[in-house]
Amino acid sequence: MGAVNRLYRRARFFVRRVTSFDRERVMQFARQSATLSKAPVWWVAADMAWCAVRYETTFENYSEWDFRILRGRERRTYMTDPKSFHLSRRLNDDSIRGVFDDKLQFAHRFGDELGRAWLDVTATDVAALAAFLEGRERVITKNPGGVGGNGITMRDVATVGDTAAFREELLRTGETLVEEVLEQHPEMARLYPGSVNSLRVVTYRDPDDVVHVLAAVLKVGNGGVIDNFSNGGMYTMLDADGRALHAASDEEGHPFETHPITGVAITGYQVPLYPEVLELVDRLARRVPEMPYIGWDVAITPERPVVIEGNHNTGVFQSKPSVSGIRRGLLPRYRAAMRF
Ligand SMILES: Nc1ncnc2c1ncn2[C@@H]1O[C@H](COP(=O)(O)OP(=O)(O)O)[C@@H](O)[C@H]1O
Ligand SMILES: [Mg+2]
């Protein structure tokens, strides 16, 4: 692709974002970043705009990875959400995105790797739902099209009452995928027992069928029953052996050297069954050849790692400089694997 072409594409993307942006939210990010240095907020806002064009950062990216305190040659090494978005558009075949966008299709396609029972309420009757609830204390109901933790509810079966009415409610609210609640490995529960703490492992299967792990992330819940950012969750990055490299941080950028609820030390925490995790994502990445660039949510049960879902337009996860001391992003790793 020509340089002019590329600049044009970036500028167009940037203008689209600027015209749809939320001024208050951007200023909030600018203020957050401004506290890292002595620069005035207007200067930070201008720097944010510059980075959006030069490095393709969103305002969130600029703030999340502390671009305010990075030098140009450090900034250059960061993968960003717009860059990742363009890569998934280019590498993944959009026509079958339903396999990942629809959790029901995903469950059919990846059945044996899910490690949990599930039921499609739209394709079954009241008796089947009653049989599914029978003998279970809790279930999770999900909107099959949901993202970012939206449309997911943990339910106590004891409070469900009339099954026919419950089924109607699920059909009305769209939470038509009912799942068995995963039991997590005791070592993962020790971190925070309130949610299933998952890994996000981003893989790329190259044209020679080599599967590259581009990023491995440990997500930990904090107060919520699910571990997503939007529910108070935090994340840290893992090394090649599944050991946490540094403290975790949440959506607001707060650092957590230890978990605020359980007190467990985050840095150096070893994810259990990690060799099996790598085997799992290697198998998963080969399963849908039309979609080579995927971010997998993985849970670790007492017996084995299982897949929660796959994301064909995965977000970007990198070490936060002010928390980790690491001032280098993952772009070189993506470049080497994807050869761009
Ligand atoms: N069957 C399950 N049992 C226990 N926890 C679950 C289950 N499914 C999802 N979760 C929790 O909810 C989070 C979000 O689920 P996910 O299916 O990835 O939805 P989303 O697309 O909104 O990210 C998971 O990371 C995990 O913490
Ligand atoms: Mg998820």
Side-chain angles (χ1 to χ4, degrees), residues 25 28-29 32-33 35-36 58-69 78-81 84 140 146-150 152 154 182 184-202 213-239 241-272 274 277 295-300 305 308-309 311 314-330:
R25 196 168 145 77
Q28 194 186 314
F29 282 116
Q32 224 178 75
S33 287
T35 61
L36 284 173
T58 63
F59 304 116
E60 289 89 340
N61 292 164
Y62 180 98
S63 158
E64 183 172 6
W65 300 309
D66 306 320
F67 265 50
R68 181 74 286 275
I69 58 168
Y78 282 76
M79 184 39 121
T80 69
D81 280 317
S84 173
I140 277 199
V147 291
N150 291 314
I152 300 187
M154 180 76 81
L182 282 165
Q184 64 184 334
H185 193 286
E187 191 52 23
M188 294 296 278
R190 192 172 69 87
L191 266 180
Y192 171 64
S195 70
V196 166
N197 308 304
S198 62
L199 312 182
R200 167 66 61 91
V201 186
V202 181
V213 172
L214 301 175
V217 181
L218 170 63
K219 296 195 264 184
V220 189
N222 181 16
V225 293
I226 62 178
D227 62 0
N228 295 47
F229 248 12
S230 47
N231 292 272
M234 57 182 84
Y235 83 79
T236 182
M237 303 300 294
L238 299 171
D239 70 11
D241 301 318
R243 202 178 283 273
L245 282 165
H246 46 72
S249 47
D250 65 6
E251 193 169 25
E252 273 97 54
H254 301 126
F256 297 98
E257 192 50 62
T258 56
H259 194 282
I261 294 173
T262 61
V264 174
I266 308 260
T267 308
Y269 171 86
Q270 174 67 56
V271 173
Y274 201 70
V277 168
W296 309 96
D297 286 341
V298 171
I300 322 253
I308 299 175
E309 65 157 351
N311 298 278
T314 176
V316 181
F317 297 82
Q318 289 166 124
S319 297
K320 184 176 176 67
S322 65
V323 167
S324 64
I326 296 171
R327 300 167 73 106
R328 187 178 158 82
L330 295 179

> Below 30° counts as parallel, above 60° as perpendicular, anything between as tilted: where do the rings of Phe317 and Tyr235 land?
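The rings of Phe317 and Tyr235 stand perpendicular, inter-plane angle above 60°.
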> Just checking Arg328: does its CZ atom have more than 12 heavy atoms from other residues, nucleotides or ligands closer to it than 6.0 angstrom?
no
> What heavy-atom pair brings Pro305 and Val298 nearest, and what distance separates the two atoms?
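Answer, listing the atom of Pro305 first, then Val298: CB-CG1, 4.0 Å.
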> Quick one: does Tyr78's side chain get under 4.5 Å of Pro321's, heavy atoms only?
yes
> If every non-hydrogen atom of Gly148 is compared with every non-hydrogen atom of Asn228, which pair is closest and at what distance?
C-ND2, 3.3 Å
> Hey, could you give me the CZ/CG distance between Phe59 and Asp81, rounded to the nearest 0.5 Å?
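With rounding to 0.5 Å, CZ (Phe59) is 13.0 Å from CG (Asp81).
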> Let me confirm one number: the OG-CG distance from Ser319 to Leu330, rounded to the nearest 0.5 Å.
7.0 Å
> Does the side chain of Thr58 come within less than 4.5 Å of Thr80's, by heavy atoms?
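They are not in contact (no side-chain heavy atoms under 4.5 Å apart), so the answer is no.
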> Between Asn197 and Met188 (side chain of the first, backbone of the second, donor and acceptor by atom type, cut-off under 3.5 Å), is there such a pair?
yes
> Any heavy-atom pair between the side chains of Val217 and Met237 that's under 4.5 Å?
yes
> With rounding to the nearest 0.5 Å, note down the distance linking OG in Ser324 to CH2 in Trp65.
12.0 Å
> Any side-chain heavy atom of Pro260 sitting closer than 4.5 Å to one from Asn222?
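Touching, per the 4.5 Å side-chain cut-off.
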> Any side-chain heavy atom of Val271 sitting closer than 4.5 Å to one from His185?
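Val271 vs His185: side chains apart.
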> Shortest non-hydrogen contact from Asp241 to Asp239?
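Taking every non-hydrogen atom into account, N-OD1, 2.8 Å.
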> Using only atom types and a distance under 3.5 Å, with no angle test, would you say the side chain of Asn311 pairs donor to acceptor with the backbone of Gly295?
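Pair found, side chain donor or acceptor close to backbone of Gly295.
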> Report yes if the side chains of Ile266 and Met234 come closer than 4.5 Å at any heavy-atom pair, otherwise no.
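In short, these two side chains touch, coming nearer than 4.5 Å.
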> Looking at every non-hydrogen atom in both residues, tell me the closest pair between Val264 and Arg190 and how far apart they are.
CG2-O, 3.2 Å
> Roughly how far apart are Met79 CE and Gln318 CD, rounded to 0.5 Å?
8.0 Å
> State whether the side chain of Ser198 and the backbone N or O of Ala299 hold a donor-acceptor pair below 3.5 Å, judged by distance alone.
no
> Would you say that Thr236 contacts Tyr269 through its side chain, given a criterion of any heavy-atom pair below 4.5 Å between the two side chains?
no
> So how far is it from Leu191 CG to Gln184 CD, rounded to the nearest 0.5 Å?
8.0 Å
> Please examine the side chains of Arg25 and Glu60, heavy atoms only from C-beta on, and report whether any two atoms are closer than 4.5 Å.
yes
> Going from CG on Leu199 to CD1 on Ile308, what distance comes out if it is rounded to the nearest 0.5 angstrom?
8.5 Å
> Where is the tightest heavy-atom contact between Ile261 and Gly223, given as atom of each residue plus distance?
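That closest heavy-atom pairing would be CD1-N, 3.7 Å.
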> Aromatic rings Tyr62 and Phe67: how do their planes relate, parallel, tilted or perpendicular, breaks at 30° and 60°?
tilted
> So which atom in Leu245 and which in Thr267 form the shortest heavy-atom distance, rounded to 0.1 Å?
O-CG2, 3.8 Å
